[in-house]
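Chain A is the first sequence line, chain B the second, and so forth, proteins listed ahead of strands; every chain is numbered from 1. No experiment lies behind these values; they were computed from the predicted model shown.
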Amino acid sequence: MARTKIAAVLRDGQPGTTVDVRGWVRTKRESKGDFAFLELNDGSCFANLQVVVDGKLPDYATLIKQITTGASVAIDGEIVASPGKGQRVEVRATALRLLGTADSTTYPLQKKGHSFEFLREKAHLRPRTNTFGAMARVRNALCYAIHEFFQDRGFLYVHTPIITTSDCEGAGQQFQVTTLDIAKAGSGLRAKGSGTEKKNPDAADPASSSVTQPLALSPQPSIDYSTDFFGKKAGLTVSGQLEGEAFACAVGDVYTFGPTFRAENSNTTRHLAEFWMVEPEMPFYELEDDMALAEDFVRTIIRKVMERCPDDLQFFNDRIEPTLLESLKNIVDHDFIRLTYTAAVEILQQSGQKFEYPVEWGHDLQSEHERYLTETHFKQPVILTDYPRAIKSFYMRCNEDGKTVRAMDVLVPRIGEIIGGSQREERYDVLVERMKECGLNPDDYWWYLELRKYGTVPHAGFGLGLERTLQLITGMVNIRDCIPFPRVPGSAEF
RNA sequence: UCCCCGAUAGCUCAAUGGUAGAGCGAGCGGCUGUUAACCGCUAGGUUUUAGGUUCGAGUCCUAAUCGGGGAGCCA
């Protein structure tokens, strides 16, 4: 008999038919001597399958004692209508095989709730819990919806490199990739109190006195990268955008969807050192087209996950965030608010709200400002555009006012920025000037500039953080619970 | 990286500077077509680590480590 998944049994199982089901025991309720109930879960759906094990089965007394929370079993049985409440059908076991025990005195997952902090230390076992099983299915449904959205619209899925030698992607600190002998190269910045670190060569450089301290190895003046694997300094990608533009300016609408790495010492509920990002890039798009796509994208993928994972989302609504379904429906059903950065600053300044940081044109908006706009003022997602050029990246198209760029951020309640995008600067001369203005060397971007030198076109794109989207969709507070095995500063176990 | 808070039984948490406890989980027993099952009993501790103050420290002080929340960087 072929194994049947529990989702299929619960959805389609007809009383009178026989099945082979396998999975992990969530709980056992024993009726002395007579029979026992097993709650079986195989991850195929949120619900457990109730299995009734009769006391007359061979070796019942021995087996049932060894079947504890966490044990794995294979069961042949008959589907019967369930006389009890809570399930349409259940399985009456005719044969029971114990595949693996889980010693109840040491198995970490008990028949009770656990804190997420505790489960993060058991990342290999937490997918066996309600919350993380649901997260895995929602994450899968979300990724499916993302591909579907772009494929339906004729976008090409392109693979941009994970390893890059363009040290100048401009989106954050890179992890270094090297085959050089690290042991001889010095200690990382995380090594506290080591006297050797006092003479950091960057310490006196005002350009590096940003609030973000890189965790990557500090460059040693003596290192000759021409002897390294790629013949020059290499790192893990912080964005596939620049390479994405190369393909957008050749084969039309494209998107990338892959892992992204930032070696920033960010310790928040919204940051990971390794995360997944979706980056579409479209030729002949201007900012308005970019915004329209981004909005359609966010609303569509949320709607599809709601359609495909109703049980999982109901669980998140019941146990994690009571306003979840309401807020998701609000996003799906309403147009996003669109306004310029300048207009947003005016709203904030006239709000009468007391902010810890003052609102001033030219400064980037703080978390509290973004939250006020999305959670208090508009109570729905907001797309802000035309930010001051001084606080945005070099590749964003300059407006005629000389003060702003064609940038757009999609802000959502609870999470803040979920999408960052822009129309790209397609004018060669303007881009070169802008690079210099940002303190970059145009020579380092020679191939990126050639995209403007030869057959340049207006184009635009954006990036969406997958795990932040999962925070939005599931209501989970900490982004570390939205990725199977989180990587954050000081932590990459598993 | 900065600010704040925390670390006590397997888990979640109590405990005036003076004998370390509860709930849940676990083990055993009872009861029951049960479903966060229920009832009783039992076991379970170098109070994160290293120093210090004190007659005496889970409690006060210093440092380290780890964790959480907030901020910055950003997706």
Side-chain angles (χ1 to χ4, degrees), chain A residues 26-39 47-54 65 68-69 80 82-87 90 92 102-122 130 170-173 189-190 192-193 209-215 238-239 241 259-279 319 356-357 364-368 370-371 391-393 409-412 415-421 462-472 477-480 482 488-491 493:
Chain A
R26 286 289 175 80
T27 68
K28 171 183 68 174
R29 290 183 294 276
E30 227 177 319
S31 176
K32 193 68 186 173
D34 295 319
F35 57 95
F37 296 101
L38 303 182
E39 292 274 346
N48 300 322
L49 175 67
Q50 178 162 283
V51 177
V52 184
V53 182
D54 193 274
K65 202 168 181 176
T68 55
T69 298
V80 296
S82 178
K85 287 176 183 169
Q87 59 276 321
E90 63 191 29
R92 195 173 296 275
D103 184 348
S104 58
T105 61
T106 57
Y107 184 59
L109 302 183
Q110 301 165 347
K111 200 164 72 176
K112 57 164 294 202
H114 291 97
S115 68
F116 295 131
E117 292 82 2
F118 172 71
L119 290 173
R120 266 170 231 148
E121 296 169 0
K122 314 286 177 193
N130 281 336
Q173 281 294 328
L189 289 190
R190 215 181 144 73
K192 292 177 189 170
S209 65
S210 70
V211 286
T212 299
Q213 297 298 319
L215 282 184
V238 295
S239 165
Q241 179 198 317
T260 306
F261 308 89
R262 305 269 167 95
E264 279 151 12
N265 198 1
S266 298
N267 295 288
T268 80
T269 54
R270 304 183 308 283
H271 289 83
L272 292 164
E274 176 183 291
F275 64 100
W276 286 65
M277 188 155 64
V278 182
E279 294 178 288
R319 302 295 282 270
E356 188 182 345
Y357 295 89
D364 213 352
L365 297 181
Q366 305 288 320
S367 288
E368 57 175 343
E370 296 180 351
R371 295 189 69 139
I391 60 172
K392 287 292 186 182
S393 298
D409 284 358
V410 179
L411 311 178
V412 295
I415 315 299
E417 183 180 346
I418 197 171
I419 281 180
F462 61 82
L464 170 120
L466 185 72
E467 287 77 16
R468 286 196 184 168
T469 310
L470 281 166
Q471 283 183 284
L472 176 67
V477 168
N478 197 315
I479 201 167
R480 300 171 190 199
C482 295
V488 294
S491 173
E493 192 71 42

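- A/S367 places a side-chain heavy atom less than 4.5 Å from the side chain of A/R270.
- If you check every strand for non-hydrogen atoms under 4.0 Å, A/G84 touches a base.
- Residue A/E356 is classed as having no contact, given no heavy-atom separation below 4.0 Å to the nucleic acid.
- A straight line from CD of A/E30 to P of B/G33 spans 14 Å, rounded to a whole angstrom.
- For the pair A/F116 CZ and B/G69 P, the interatomic distance rounds to 11 Å; values are reported in whole Å.
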Every protein N/O within reach of nucleotides 10-15 of chain B N/O, cut-off under 3.5 Å:
unit_1, atom_1, unit_2, atom_2, d
B/G10, N2, A/Q110, OE1, 2.9
B/G10, N3, A/Q110, NE2, 3.0
B/C11, O2', A/K112, NZ, 3.3
B/C11, O2, A/K112, NZ, 2.6
B/U12, OP1, A/S115, OG, 3.0

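- Side-chain to base pairing of A/R270 with B/G69: no donor and acceptor N or O lie closer than 3.5 Å to each other.
- Within 4.0 Å (heavy atoms only), A/Q50 reaches at least one base atom of the nucleic acid.
- Across B/U54 and B/C60, the matching C1' atoms stand 9 Å from one another, rounded to whole Å.
- What you find for A/R29 and A/E39 is that their closest heavy atoms are NH2-OE2, 2.9 Å.
- Within the nucleic acid shown, A/I418 comes within 4.0 Å of sugar-phosphate atoms alone, with no base atom in reach, counting heavy atoms only.
- When rounded to the nearest whole Å, the span between CZ of A/R262 and P of B/A75 equals 5 Å.
- Rounded to the nearest Å, the gap between the P atom of B/A9 and that of B/U47 is 10 Å.
- Counting only heavy atoms from C-beta outward, the side chains of A/P83 and A/E90 approach each other to under 4.5 Å.
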Report task. Kindly determine whether A/R480 and A/L272 satisfy side-chain contact (heavy atoms from CB on, under 4.5 Å), including the steps that lead there. Result -> CA-CA 7 Å; A/R480 300 171 190 199; A/L272 292 164; 4.2 Å; yes
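- Of the options A/T469, A/L472, A/I419, a side chain to side chain contact (heavy atoms under 4.5 Å, CB included) to A/V412 is made by A/L472 and by none of the others.
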Query raised in the report: For A/Q241 and A/M277, what are the C-alpha separation, side-chain angles and deciding distance, and is it a side-chain contact (heavy atoms from CB on, under 4.5 Å)?
Result: CA-CA 10 Å; A/Q241 179 198 317; A/M277 188 155 64; over 6 Å; no
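- Contact annotation: the side chain of A/F275 approaches that of A/R262 to within less than 4.5 Å [non-hydrogen atoms, C-beta and beyond].
- Toward the 5′ end of RNA chain B lies the nearest nucleotide of A/V477, the other residue of the pair A/L272 and A/V477 mapping further downstream.
- A/S367 comes within 4.0 angstrom of sugar-phosphate atoms only, judged by non-hydrogen atoms across all strands, and of no base.
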Query - Verdict with supporting geometry, A/R92 and A/D54, side-chain contact (heavy atoms from CB on, under 4.5 Å) - result: CA-CA 8 Å; A/R92 195 173 296 275; A/D54 193 274; 5.5 Å; no
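- As judged by a 4.0 angstrom heavy-atom cut-off over every strand, A/N478 is placed among residues touching the sugar-phosphate backbone only.
- Using a 4.0 Å heavy-atom distance criterion, A/I415 is classed as making no nucleic acid contact.
- Nucleotides B/A64 and B/C41 place their P atoms 47 Å apart, quoted to the nearest Å.
- Between A/T260 and the phosphate of B/A75, there is no side-chain N or O to OP1/OP2 separation shorter than 4.0 Å.
- If you check every strand for non-hydrogen atoms under 4.0 Å, A/K65 touches sugar and phosphate atoms only.
- Inter-residue side-chain proximity for A/R319 and A/N130 is flagged as unmet; no heavy-atom pair is nearer than 4.5 Å.
- For the pair A/R120 CZ and B/G69 C1', the computed distance is 11 Å after rounding to whole Å.
- Nucleotides B/G45 and B/G21, compared at atom C1', are 11 Å apart to the nearest Å.
- Between A/I391 atom CD1 and B/G72 atom C1' the separation is 14 Å, expressed in whole Å.
- Following rounding to the nearest Å, A/R29 (CZ) and B/G30 (C1') show an atom-to-atom distance of 18 Å.
- OP1 or OP2 of B/G68 has at least one side-chain nitrogen or oxygen of A/R480 nearer than 4.0 Å.
- For B/G25, neither phosphate oxygen OP1 nor OP2 lies less than 4.0 angstrom from any side-chain nitrogen or oxygen of A/T69.
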Requested in this report: Just do the side-chain contact (heavy atoms from CB on, under 4.5 Å) check on A/Q366 and A/E356 with the steps written out, would you?
Outcome: CA-CA 9 Å; A/Q366 305 288 320; A/E356 188 182 345; over 6 Å; no
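- Distance check on atom P: B/C39 versus B/G51 gives 46 Å, rounded to whole Å.
- Remark: the separation of the C1' atoms in B/A43 and B/C31 is 23 Å, to the nearest Å.
- Closest to the side chain of A/N267, out of B/G33, B/U1, B/A75, is B/U1.
- Note: NZ (A/K85) to P (B/U34) measures 10 Å, nearest angstrom.
- The side chain of A/P83 sits closest to B/G33 out of B/A26, B/G33, B/G70.
- Evaluation of atom-type donor-acceptor distances gives a pair under 3.5 Å for the side chain of A/E90 against the base of B/G33.
- The base of B/U35 does not come close enough to the side chain of A/N48 for any donor and acceptor atom to sit less than 3.5 Å apart.
- Look at CD on A/E121: it is 15 Å from P on B/U48, rounded to the nearest Å.
- The separation of B/A7 from B/A15, taken at their P atoms, amounts to 10 Å, rounded to a whole angstrom.
- In a base pair of the Watson-Crick type (N1 to N3 plus N6-O4 or O6-N4) or a G-U wobble (N1-O2 and O6-N3), with each distance short of 3.5 Å, B/G23 is matched with B/C11.
- Residue A/S104 places at least one side-chain N or O under 4.0 Å from the OP1 or OP2 atom of B/G27.
- Stacking of the aromatic ring of A/F275 onto the base of B/A75 is found: the ring centres lie under 5.5 Å apart and the planes are inclined by under 30°.
- Remark: the separation of the C1' atoms in B/G23 and B/U8 is 15 Å, to the nearest Å.
- Contact between the side-chain N/O atoms of A/R319 and the OP1/OP2 oxygens of B/A36 is not found at any separation under 4.0 Å.
- Among the nucleotides B/G72, B/A75, B/G33, the one closest to any side-chain atom of A/T268 is B/G72.
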